[in-house]
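Structure first, then comments.
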Amino acid sequence: MKTSAVPPTEREKQILRRMALGRSDVEIARQIGGTEAQVATQRLRLIRKLNICSHAEIIEAAINLGPWPRQMKYPNLPSRVS
């Protein structure tokens, strides 16, 4: 995988992380807002931008983004813990 000089946008990061978790375009669209077609388009642009050829490279790229947001690691926990 050869990364682009242009870093992924926040939206692309959201999509990439969910792709790494094996989410479908429909699931991603529900989770981040938008339509299945919008997510599919963004997914294809992201794959081209990062020159990704396999699911393993999707996972590698997601890991390379750095720490994942808490709600993605633990989706069933409340957003605020007392």
Side-chain angles (χ1 to χ4, degrees):
M1 176 185 71
K2 181 182 173 190
T3 58
S4 169
V6 180
T9 65
E10 285 305 311
R11 182 73 158 196
E12 289 172 335
K13 289 177 184 179
Q14 291 174 337
I15 291 170
L16 182 63
R17 287 180 169 132
R18 285 168 172 82
M19 287 169 55
L21 293 172
R23 303 290 188 261
S24 69
D25 291 349
V26 172
E27 291 171 311
I28 295 171
R30 282 190 201 129
Q31 292 173 355
I32 67 172
T35 66
E36 179 182 359
Q38 289 170 328
V39 170
T41 298
Q42 290 171 323
R43 178 178 47 80
L44 289 174
R45 286 182 184 158
L46 183 60
I47 287 170
R48 287 186 191 126
K49 183 182 207 177
L50 299 179
N51 195 26
I52 292 174
C53 299
S54 69
H55 190 72
E57 288 181 349
I58 291 170
I59 294 169
E60 178 185 3
I63 289 169
N64 289 337
L65 292 176
W68 287 35
R70 184 174 185 271
Q71 65 273 21
M72 286 206 57
K73 290 184 200 173
Y74 310 105
N76 297 326
L77 289 180
S79 56
R80 253 177 86 179
V81 178
S82 338

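Residues L65 and I47 fall within the same hydrophobic cluster, defined by Ile, Leu, Val, Met, Phe, Trp and Tyr side chains chained together at heavy-atom separations under 4.5 Å. In the hydrophobic cluster analysis, where Ile, Leu, Val, Met, Phe, Trp and Tyr join through side-chain heavy atoms closer than 4.5 angstrom, M19 is grouped together with I32.
Residues satisfying the side-chain hydrogen bond (donor to acceptor under 3.5 Å, both in side chains) test with T41, not counting sequence neighbours, are none.
Note that CZ of R11 and CG of L16 are 14.0 Å apart. Values are rounded to the nearest 0.5 Å. Atom CD1 of I63 is separated from atom CD of E60 by 7.5 Å, given to the nearest 0.5 angstrom.
A20 and H55 get closest at one heavy-atom pair: O-NE2, 3.7 Å. Residues G34 and A29 share a closest heavy-atom pair of O-CB, 3.6 Å. Annotation for E57 and N51: closest pair OE1-O, 3.7 Å, computed over non-hydrogen atoms. Shortest non-hydrogen contact noted between A40 and D25 is CB-OD2, 3.4 Å.
In this structure a side-chain-to-backbone donor-acceptor pair under 3.5 Å is missing from E27 to R23.
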- Task: Apply side chain to side chain contact (heavy atoms under 4.5 Å, CB included) to the pair L50 and E12, showing each step before the final yes or no.
- Result: CA-CA 11 Å; L50 299 179; E12 289 172 335; over 6 Å; no
- Task: Check step by step if salt bridge (Lys or Arg N to Asp or Glu O under 4.0 Å) holds for E10 and K13.
- Result: CA-CA 5 Å; E10 285 305 311; K13 289 177 184 179; 3.3 Å; yes
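Two residues are said to be in side-chain contact when any heavy atoms from C-beta on lie closer than 4.5 Å; R43 and I28 fail this criterion.
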